[in-house]
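Read the numbers this way: they start at 1 and go in the same order the structure lists the ligands and their atoms. These figures come from a predicted structure and were not determined experimentally. Atom set for the values below is all heavy atoms of this structure, side chains included, hydrogens, waters and symmetry mates excluded.
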Amino acid sequence: MTAATNRVSLLGIPFDDNSSFEKGPAKAPKVVRDLLSSGSLNKSTELGIDLANNVAWQDAGNIDLVPGEFLEPIRKECDRLLADNHRLLSLGGDHSVTYPILLAYAKVFPSLTILHIDAHPDLYNEFKGNPLANACPFARIMENNLCGRLVQVGIRTLNTHQRQQAEKFSVEMIQMKDFYNSPLPPIKGPVYLSLDIDGIDPAFAPGVSHREPGGLTTRDVINLIHNIDGPLVGADIVEFNPDKDIDGMTAQLVGKLVKEVAGKMLMDLHQT
Ligand code: MN
Ligand code: MN
């Protein structure tokens, strides 16, 4: 394979300094990699992509992070990999990591549609005095014009401040209460998926720091991924907290989602 060949790479981000409630998402990359190599699931995706022996599917390892620094290290590593024609599936971290990832992505893909699946809009101007908390990344992304559109799905924690922020930034929000009876706006490419595991109902995904009942089913989320109207050029899967998991249920779910997101990204690799 030449350096110029496009590939999809798994990038671990073991980071949870900006978790506003409980730490733990820093442990996600190791737990999910262990699950994926455990033999408990095969390497074929529902869309018919085989991840085994697939030269376009690689593991870029973890980003090395020291406490107190995350913006520049994450942005720089994403810059480097994107310049080397990787498309990134980032795994792990609290949701604050999406802002530096998008700082890198916006330079390569200047008018992305972001599909953001989450119980929370993460639009706080600041949270407990921290403007980079895991409750704030989409305020920073919108202020800095890092995407063309932000479409949020699964939201069920809207308050007055975040409603005002959503209006200010023209966010297209499909609240969970409306999800089953209102059509989704078209999600046209290039698309970036930011998948907060707490968007899924805690009955399916107990391993999160903020369990918010009344959420999406696993199947809802897999269908959302499959139905993205291409090309899916980047993704992150955040907020899985192995310390809150029950009998590995959420690890198994996240492993499945890594496969399905990777399969969709690989299908779309040569689509512009
Ligand atoms: Mn979030
Ligand atoms: Mn959330």
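- Side-chain polar atoms of His210 and Asp198 form no donor-acceptor pair below 3.5 angstrom.
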Under 3.5 Å, which donor-acceptor pairs link side chains of residues 179-192 to any protein atom two or more places apart or in another chain?
unit_1, atom_1, unit_2, atom_2, d
Tyr180, OH, Asp220, OD2, 2.3
Ser182, OG, Asp178, O, 2.7
Lys188, NZ, Asp229, OD2, 2.6
Tyr192, OH, Asp236, OD2, 2.6

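- In this structure, CD on Gln152 lies 5.5 Å from NE2 on His116, to the nearest 0.5 angstrom.
- Around the Mn ion (ligand 2), the protein N, O or S atoms closer than 2.8 Å are Asp118 OD1, His120 ND1, Asp196 OD2, Asp198 OD1, Asp198 OD2, listed by chain and residue number.
- In this structure, Asp79 pairs ionically with Arg75, as a charged nitrogen and a carboxylate oxygen lie closer than 4.0 Å.
- Applying the side chain to side chain donor-acceptor pair (under 3.5 Å) test to pairs two or more places apart or on separate chains, those with a residue in residues 31-45 are Lys30-Asp34, Arg33-Asp59, Arg33-Asn62, Ser38-Ser40, Ser40-Gln252, Asn42-Lys259.
- Scored by the ring-ring contact (aromatic ring centres under 6.0 Å, His included) test, Phe204 finds no partners at all (sequence neighbours excluded).
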